[in-house]
Amino acid sequence: MCGVIGYVGSKPCARLIFDGLKRLEYRGYDSAGIAVLDTENGPAKIELVKAEGKLIHLEPHLGELPQKATMGMGHTRWATHGAPTARNAHPHLHGDLVIIHNGIIENYRELKEQLMKSGVEFKSDTDTEVVLHQLHAELDRTKDLKAAIMATVKHLRGAYALGIIYAREPGQMYVVKQGSPVVLGAGDGENFFGSDALALLPHTNRAVFLMDGEFARLTADKIEVWDFSGQPLRREPAVLNWSAASADKQGYKHYMLKEIHEQPAVMSSMMSRLLDLKANGFVEKETGLDALDLGRIKNVAIVACGTAHYAGQIGRYMIEEFTRLPANVELASEFRYRNPCIDSSTLVIAVSQSGETADTLACVKHAAAQGCQVMSICNVRFSSIPRASQAVLYMEAGPEVGVASTKAFTAMVLSFYIVALAMGVKRGKVDPGRLEKSFDAMRRLPALVDRAVNAAGVIEEIAHKIYEAQNMLFIGRGPSFPVATEGALKLKEVSYIHAEGYAGGELKHGPIALVDRHMPVVSIAPRDSTYEKMISNIEEVRARQGRIIGVGDIGDERFQSICEHYIPCPQVGDDHLQAILSVIPLQLLAYYAADMRGTDVDQPRNLAKSVTVE
Ligand code: M6R
């Protein structure tokens, strides 16, 4: 949720840290702050600036920091404990000690009470400040920061990625990881840490991934890593294959629009990496299936949050269709806290763009502990969820910066299609004719996605007609039902128009009461096996004067004739893959409606890109 970044080297660091925070701002934008170590004017001293709200409010204060400082760290906050004010902004300073934190300290109340009893005065309402004072108390006792960190973590319950600087030990900073993501960047005569690799990419593509229960000391020339008991660990940097440019807007007004337009390229690069398109085969190592014991699987449980959950719903249909294994899909935040019937015959598939979503990660750990085989479908390499999984399919869709997930959704749907098909072939449930048909459809897909993305003009016009609506409904059946729920999520998160997605057949069981002449109802009805039923459902809406915005096949005059507006989609010739083509107009509709309403499209209010707290 929050973004953290740190630098130690020989360059002036205030602006460098600020620029790094800009790359992390999608993780939280309630407040921001930077602390640097001033070693120029007498004994080393920590100087810091903070501001409420987005980073733009911090920028004017950069000049207040010592301009020659070459070590420091910054934070952009998504508030959990304490209002989003400057007072609660990080870094938190006490004497010579300063810390930043991403995560939640679950036992902060009891620690705070104990610390207050011993005379500590708190300056903020955050959970983080207890870590600062606990660490300070341990430092008083041990007189050694490394020892104090090891003593402090014994008191903490919850999730934390901490950055720590102690003015009396200049030239070095500490990074501590338990449950929240943090990456170390290995440079030349300089070292970094950040919440994710994106922030480090302009400086280095060599990353060291800390594991939970580990901490590191960074100086300009060295990265040392220990576990919480003080045992030294060897960590070789991994080389990242994302470029800094891939995380830029590249001329688009917003990241969301850029990422929508990247979808044709993402589809074709995924297919060339995961498939042998000439031989209708699969590259098993890349699909992750080679790491599984497929013969053991008797049922499949898919876990994910938000958009990834909707992709998982389509994935469930595909798995049932191709493998004939029973499959379920569930919100990770629910799955973890009930007592699901899973065992060593269960394949758990965790889906996550970031690979860091705390609820999904908790499910992965829980499932592994139950003896399940765990596979993940993720975008960000080396992130926590793939690292905790037995098998991984990396989507390699490139950095997704817009808070609203777009290209990751279609990449997840394609990933499921490939995994389900490959598993089905292995289980002998897919005959050669079906396989040929599926590969033909996949070969057609990138060009059709390109057509869908480039129909933006039609959708912009429709957005003009609906952007002032207060409520909207989205309906679909079969794979178009999760598409409807994803379309509604996209619209509400970026435009703040209240929207709900329903299965077409479910409308008459309640939600149809909402329909009147003011209600736009986006109806997704490709000519698949549910088409006739969907047309009946749409007629039911029309009979109550609902405003139908149809998403259907090119040339479907019958459907078009009952719509107020119609968005023609190219047909790919496969009911499941069609979901990819149906969702693109909904992404564009949400984008244009939001832009017309003047919202902050890439950083909608109250949201963060990577939800690393449960
Ligand atoms: O990184 P993940 O895919 O695990 O994230 C899951 C959700 O937080 C994410 O899809 C969220 O719902 C997006 N804002 C949707 O656009």
Side-chain angles (χ1 to χ4, degrees), residues 1 3 24 26-29 78 180-181 195-198 254-257 259-260 263 302-315 329-336 348-364 376-389 392-413 415-416 474 482-483 485-496 499 501 583-584 586-591 594 599-614:
M1 320 278 313
L24 288 172
Y26 69 88
R27 302 180 73 93
Y29 27 86
W78 188 85
S180 297
S195 288
D196 62 39
L198 269 188
H254 294 101
Y255 281 109
M256 182 178 177
L257 191 60
E259 286 156 8
I260 290 172
Q263 291 176 108
I302 299 165
V303 290
C305 302
T307 283
H309 175 251
Y310 297 138
Q313 285 183 328
I314 301 174
V329 56
E330 198 163 344
L331 291 167
S333 52
E334 290 298 315
F335 184 85
R336 172 68 186 83
V348 170
I349 305 182
V351 197
S352 173
Q353 186 285 130
S354 62
E356 298 293 352
T357 299
D359 287 313
T360 311
L361 179 59
C363 290
V364 166
S376 56
I377 295 177
C378 290
N379 194 32
V380 180
R381 269 195 188 265
F382 308 113
S383 52
S384 302
I385 291 171
R387 277 189 286 137
S389 307
V392 188
L393 183 154
Y394 281 114
M395 303 188 294
E396 302 263 350
E400 191 181 67
V401 179
V403 164
S405 200
T406 51
K407 64 176 175 175
F409 177 81
T410 47
M412 285 166 187
V413 174
S415 305
F416 267 116
F474 288 68
V483 169
T485 49
E486 169 60 7
L489 175 63
K490 246 12 15 132
L491 186 74
K492 63 187 145 192
E493 70 178 331
V494 295
S495 75
Y496 314 148
V583 84
I584 289 169
L586 308 189
Q587 296 171 344
L588 287 163
L589 189 67
Y591 171 76
T599 64
D600 192 342
V601 173
D602 284 330
Q603 295 177 343
R605 67 184 180 207
N606 304 339
L607 296 178
K609 178 76 182 160
S610 184
V611 182
T612 53
V613 293
E614 284 186 52

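By convention here, the first residue in the shown sequence is residue 1. Order of appearance sets the numbers: ligands from 1, and atoms from 1 within every ligand. Since this is a predicted model, take the numbers as computed values, not measurements.
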d(N379 CG, E396 CD) to nearest 0.5 Å is 7.5 Å

So for H309 against ligand 1, with non-hydrogen atoms under 4.0 Å, the contacting part is neither

Rounded to the nearest 0.5 Å, the CD1 atom of I314 sits from the CE atom of M412 at a distance of 11.0 Å

When distances are taken from atom 10 (O) of ligand 1, the protein heavy atom at minimum range is T307 N, 3.1 Å

Quick note on ligand 1: atoms under 4.0 Å from a heavy atom of A404 include exactly 16 (O)

Rounded to the nearest 0.5 angstrom, the OG1-CD distance for T599 and E493 is 10.5 Å

closest protein heavy atom to atom 4 (O) of ligand 1 is T357 OG1, 2.4 Å

shortest atom 14 (N) of ligand 1-to-protein heavy-atom contact is with E493 OE1, 2.9 Å

Numbered in order shown, the ligand 1 atoms found under 4.0 Å of a heavy atom of S352 are 1 (O), 2 (P), 3 (O), 4 (O)

**Asked** Is it the case that T406 and Q263 place a side-chain donor and acceptor less than 3.5 Å from each other?
**Response** no

Honestly, for K490 the part within reach of ligand 1 (heavy atoms, under 4.0 Å) is side chain

Nearest non-hydrogen protein atom to atom 3 (O) of ligand 1, with distance, is Q353 N, 2.7 Å

d(K407 NZ, Q353 CD) to nearest 0.5 Å is 8.0 Å

Partner of H309 under side chain to side chain contact (heavy atoms under 4.5 Å, CB included), picked from L489, V351, L331, T360, is L331

protein heavy-atom neighbour closest to atom 7 (C) of ligand 1 works out as C305 O, 3.6 Å

The closest protein heavy-atom partner of atom 8 (O) of ligand 1 is V611 CG2, 4.0 Å

*asked:* Any donor-acceptor pair under 3.5 Å linking the side-chain atoms of T307 with those of S405?
replied: no

Between the CG atom in D600 and the CG atom in L607, the distance rounded to the nearest 0.5 Å is 10.5 Å

Atoms of ligand 1 under 4.0 Å from any heavy atom of V403, numbered from 1 in the order shown, are 13 (C), 14 (N), 16 (O)

heavy-atom search around atom 1 (O) of ligand 1 in the protein gives S354 OG, 2.7 Å

